[in-house]
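Structure first, commentary second.
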Amino acid sequence: MPKTKRENQITKYNPQEIEPKWQKKWEENKIYHPDLDKANRPFYNLMMFPYPSAEGMHVGNMYAFTGSDIYGRFKRMQGFDVFEPIGLDGFGIHSENYALKVGRHPKEQAKISEENFYRQLHAIGNGFDWSAKLETYDPQYYKWTQWIFIQLFKKGLAYRRKASVNFCPSDKTVLADEQVIAGKCERCGSEVVKKDLEQWFFKITDYAERLLNNIESLDWTEKVKIAQRQWIGRSEGAIVKFKIQNSKSQIEIFTTRPDTLFGATFMVLAPENPISKEIAKKNKKVEEYIQKSQTRTEQERIAEGKDKTGIDTGLFAINPVNNKEIPVWVADYVVMGYGTGAIMAVPAHDKRDFEFAKKYKLPIKTVILSKSEGSEDSSAKPQNDNPKEAYVGESKIVNSGEWNGLAVPKEIGKVIDWLERKKIGKRQVHYHLRDWLISRQRYWGPPIPMICCEKCDWQPIAEKDLPVLLPDVKDWKPKGGGESPLASIESFVKTKCPSCGGSAKRETDVSDTFLDSAWYFFRYTSTDDKTCVWRPERVKKWLPVSMYIGGAEHSVLHLLYSRFITMVFKDLGLIFFEEPYAKFRAHGLLIREGAKMSKSRGNVVVPDEYIKKFGADTLRLYLMFLGPFTQGGDFYDMGIEGMHRFVKRIWNLFTRISNSKFPISNESQRVMHKTIKKVTEDIQNLRYNTAIASLMEYYNFLSKQKSVSKEEIKTILLLLAPFAPHITEELYQRFKNKSNKSIHTHSWPDYDLRYLEEKEVTIAIQVNGKLRDTLSISFEKIEDQQIVEKIAKKSQKIKKYLTNRKIKKVVYVKGRVINFVVI
RNA sequence: GGGCAAGUGGCGGAAUGGUAUACGCGGUAGUCUCAAAAACUACUAGCCGCAAGGCUGUGUGGGUUCGAUUCCCUCCUUGCCCACCA
């Protein structure tokens, strides 16, 4: 009796027992800890580190981590020294807002979240190198974030400027342009307002050209490359100066369509434009308009859409190409942030200008033939200055003096040459990218390591005095009014100038979270060394990151910032490359019941319960089986049962059978090699779903065999190991003879093409492209069309279609299909 | 308004010019059982048919091709990203 009981214990699949057991052993044996100094074939396999929301990791995070881990495990088995570190992006508004919500101090909350996250991250069975972990809120980490700020400042890349900036009234802080989505705060969704504040910026615009040009050479998801190009937004055009009548001042405008200069019938200034403000001093109506537009949120401006507003300044500018007087208006459809904050309005050929001209009854002048007219002789001058809509297509220039007849946009270059010759305008390239607003009026971030001295202006903290510790205070909640909570802590603010020793004030803003995450992958290599930002020889060995996986939502923010920071490191002479990620793939989004998982919908799935019920291996396989990893999938509860069945079948088959001594058959050999090939290629391409499908097919094949050889068992376990690390390790150790080696450090199986040839090949027979029969034919015969044709014609089914018909053509695709074209 | 994806059984998906629906879920029937669950076996795109077999079928309409889910054009729908960017 006791024997039976014991037998049951042995044969029952119990992930609760084997998973923690192996996780512990792997950690003890350090199988995922490469020697960072001596590794021969370094492979840096990185997943974007998570920000620990305190509810814990949801299954979407696990989806991404598992996908990244499978790739890492695959590379490890291929003989690479894989470095797969993990950490937490725990500083920043998102974590602080959660602390606000639960009414706990962010520091205290961070500890709780950290513990919870690390517990979950252990449970999913990834091959993390836990000895290299980091947290961005650790003073040992943010010390170097501050150090980096200082390096940028010294290089002239960090500067202060008073500017009209995005301000979130709910989060009570300024935001970077990238963090404003359609006029709303990226974090809380509140409508963003404009505020004039003095802020710290990073000069990312100096790198616009490099950031753009390098994109081409990157092995990245194409979608993300497009998003970056679009965000950097290069446009070619010209700067043109317009004199203001009876005044010394002039208005500079940027246009991509200098060819329409003769069609400029008025000018528009942004309300924030200094010239507008100058005008407002003397013109009450303009002043009122500017005031009104500043209190409106971006959202309101956008929502109004077509209904543009503006005010006539009463001033006139001189169009430099024809010396015509044109009125100057102020309107908020022109924004200060792009170009020069002023435009020449060409209503005939710009949709927005057209709408504005219609509303305020401003003149419209056609200078580009519309398409139908353009096909006629260009000397014919259509005088349609009352068009129904703006024409923006390509055509020829008219009504523009010497320029008449030039094709646009092809010959815009000639127009610019003309402008340059006449010293009216200048060729110029503009970027949509703007400088990175780095300061935040919040508590939970690295204090910006700067001191303001009355005599010496802004001075960086001496490097030996780093880190500037974030003071432990009770009153940490955001204040609003453009100041961080740190500003009210006198002991923090009051300090001495590092330059002259006189009394000075500390900067009280903290830096943006995206600075924390812009360089963390450098730090991972050297977390054991507190004396330097990183060890140069290690960074040289491991970076750039070999494979970076993360969410497409970081297409512009994180990925652009970290590219910029890496370029700065290169320019500082710290490293010898300038692109941080050699290869980047965006994973898909895991949805549930057709909708994005979100707290408000209440459809967030937490992995814990599933790991408890089915084990991490089942959940990993299930998540990866939902669909292509780069496309995401729909999580539904029913499906996981099916995957659990598969895992149990694997367990049952291999715990019951003993290794057969029978030699492996040719057919078995063929199926095995076919599977190795398929799984290898699929993992390489992140096609985990089809890799798993072919493993299932292989299982189905093996389970129908009378006996299974040792080689076959080993092969399927090896192929399955990256997906289901625990069960494969357990079964592998049961079968193995002596060595103590983990399955995860075993080499990946090779396939041999010689085994892939089939004896019998099935060929489809078509008549006029329609399938009528299939034909099994021996491998040797498929080369010869004559033989195949002859055999095909013998088929009864085919005869029926060929009698009384004339064969016009026979198409044969070797080993695939033969098609009779008949009439 | 601009850009990028995608549309295939009841469902998730497979097939990137050559046998459409692999693999899995769900469903139906059966085996085992006192019974149920589990497990296992078989079937499972639709229509006609007892069957053999035939017809239809990858959002819509066209095109290229001996052959199109795949390539090209039109339209429709959905998702994602960006957006008064001059």
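In the text below, chain A, chain B and the rest are named by the order of the sequence lines, each starting its count at 1. A quick note: this is a predicted structure, and the numbers were derived from the prediction, not measured.
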Query - Atom pair distance, as rounded to whole Å: CE in A:Met344 and P in B:rC84 - result: 20 Å

Query - B:rU8 and B:rG2, which share atom name C1', separated by this distance in whole Å - result: 30 Å

All N/O donor-acceptor pairs, side-chain side in residues 781-792 of chain A, below 3.5 Å, sequence neighbours left out:
from, atom 1, to, atom 2, distance (Å)
A:Glu783, OE2, A:Lys814, NZ, 3.1
A:Asp784, OD1, A:Gln786, N, 2.9
A:Glu789, OE2, A:Lys793, NZ, 3.3

Query raised in the report: Which whole-number value in Å describes the distance from A:Tyr622 OH to B:rG26 P?
Result: 11 Å

Query raised in the report: Can you check whether A:Lys223 has a side-chain N or O nearer than 4.0 Å to OP1 or OP2 of B:rC4?
Result: no

Query raised in the report: Picking from A:Ile253, A:Ile343, A:Thr340, what satisfies side-chain contact (heavy atoms from CB on, under 4.5 Å) with A:Val334?
Result: A:Ile343

Report summary line: Between A:Pro271 and A:Ala331 the two heavy atoms that sit nearest each other are CD-O, 3.5 Å

Query raised in the report: Counting only non-hydrogen atoms, which of residues 234-242 of chain A are less than 4.0 Å from RNA chain B?
Result: none

**Report entry** Ring-ring centroid check A:Phe635 A:Tyr622, cutoff 6.0 Å
**Finding:** yes

Query raised in the report: Which nucleotide, in any strand shown, forms a Watson-Crick or G-U wobble pair with B:rC50, with both distances under 3.5 Å?
Result: none

**Report entry** Rounded C1' spacing from B:rC72 to B:rG27 in Å
**Finding:** 41 Å

Query raised in the report: Which value, in whole Å, describes the distance between the P atoms of nucleotides B:rC43 and B:rA5?
Result: 41 Å

Requested in this report: Let me see the working for A:Glu355 and A:Lys358 under salt bridge (Lys or Arg N to Asp or Glu O under 4.0 Å), right down to the final yes or no.
Outcome: CA-CA 5 Å; A:Glu355 284 159 10; A:Lys358 278 279 170 196; over 6 Å; no

Query - Listed nucleotide nearest any side-chain atom of A:Arg434, set B:rC85, B:rA83, B:rG2 - result: B:rC85

Query raised in the report: A:Lys648 or A:Lys704: which one's nearest nucleotide on RNA chain B is closer to the 5' end?
Result: A:Lys648

Query raised in the report: Which letter, B, S or -, goes with each nucleotide of nucleotides 10-24 of chain B from 5' to 3', with contact meaning a protein heavy atom under 4.0 Å?
Result: --BSSS--BBS-BBB

**Report entry** Separation of atom NE2 in A:His432 from atom C1' in B:rG3, rounded to whole Å
**Finding:** 13 Å

Report task. Rounded off to whole Å, could you give me the NE2-to-C1' distance for the A:His587 and B:rC80 pair? Result -> 14 Å

**Report entry** Span that lies between the P atom of B:rG18 and that of B:rU28, in whole angstrom
**Finding:** 37 Å

Query - C1'-based separation of B:rU74 from B:rG13 [nearest Å] - result: 29 Å

Requested in this report: Check the distance between B:rG1's P and A:Lys351's NZ and give it to me in whole angstrom.
Outcome: 6 Å

Query - With A:Lys677 via side chain to side chain donor-acceptor pair (under 3.5 Å) - residues at least two apart - result: A:Glu681

Query raised in the report: What is the pairing partner of B:rU65, taking Watson-Crick or G-U wobble pairs with both distances under 3.5 Å in any strand?
Result: none

Query raised in the report: Under a 3.5 Å cut-off for both distances, is B:rU21 Watson-Crick or wobble paired, and to whom?
Result: none

Report summary line: note: A:Glu553, atom CD; B:rC82, atom P; distance rounded to Å ~ 11 Å

Query raised in the report: Taking the P atom of each, how far is B:rU58 from B:rC80, in whole Å?
Result: 27 Å

Query raised in the report: How close or far is atom P of B:rA6 from atom CD1 of A:Ile591, stated in whole angstroms?
Result: 16 Å

Query raised in the report: What nucleic acid atoms does A:Ile343 come within less than 4.0 Å of, heavy atoms only: base, sugar-phosphate, or nothing?
Result: base

Report task. Flag the pair A:Tyr13 / A:Phe614 as yes when their ring centroid distance falls below 6.0 Å, and as no otherwise. Result -> no

Report task. May I ask you to check whether A:Tyr333 and A:Phe356 place their ring centers less than 6.0 Å from one another? Result -> yes

**Report entry** C1' spacing across the pair B:rG9 / B:rC25, given as an integer number of angstrom
**Finding:** 13 Å

Report summary line: For A:Arg772 and A:Tyr801 the tightest heavy-atom approach is NH1-OH, 3.1 Å

Report task. May I ask you to check whether over 12 heavy atoms, not counting those of A:Arg427, lie within 6.0 Å of atom CZ? Result -> yes

Report task. Any strand is fair game: report the nucleotide pairing with B:rC43 by Watson-Crick or G-U wobble, both distances under 3.5 Å, or none. Result -> B:rG27

**Report entry** Glycosidic class, syn or anti, of B:rG9 using a 90° window around 0
**Finding:** syn

Query raised in the report: What about the rings of A:Trp436 and A:Phe514, do their centers lie closer together than 6.0 Å?
Result: no

Query raised in the report: With distance as the sole criterion, is a donor-acceptor pair present between the side chains of A:Tyr338 and A:Ser235 under 3.5 Å?
Result: yes

Query - Distance, C1' atom - from B:rA6 to B:rA38, rounded to whole angstrom - result: 40 Å

**Report entry** Check: B:rC84 base within 3.5 Å donor-acceptor of A:Lys308 side chain
**Finding:** yes

Query raised in the report: Across all strands, who's sitting opposite B:rG7 as a Watson-Crick or G-U wobble pair, both distances under 3.5 Å?
Result: B:rC76

Query raised in the report: Using 4.0 Å as the upper bound for N to carboxylate O, is an ion pair formed by A:Lys800 and A:Asp773?
Result: no

Requested in this report: Would you mind reading off the distance between A:Asn768 atom CG and B:rC66 atom C1', rounded to a whole angstrom?
Outcome: 8 Å

Requested in this report: Output all residues satisfying side chain to side chain donor-acceptor pair (under 3.5 Å) with A:Lys799, sequence neighbours left out; order by chain, then residue number.
Outcome: none

Requested in this report: Produce a footprint string for nucleotides 53-58 of chain B: one letter per nucleotide, 5' end first; B if the base is under 4.0 Å from any protein heavy atom, S if only the sugar-phosphate is, - if neither.
Outcome: SSSS--

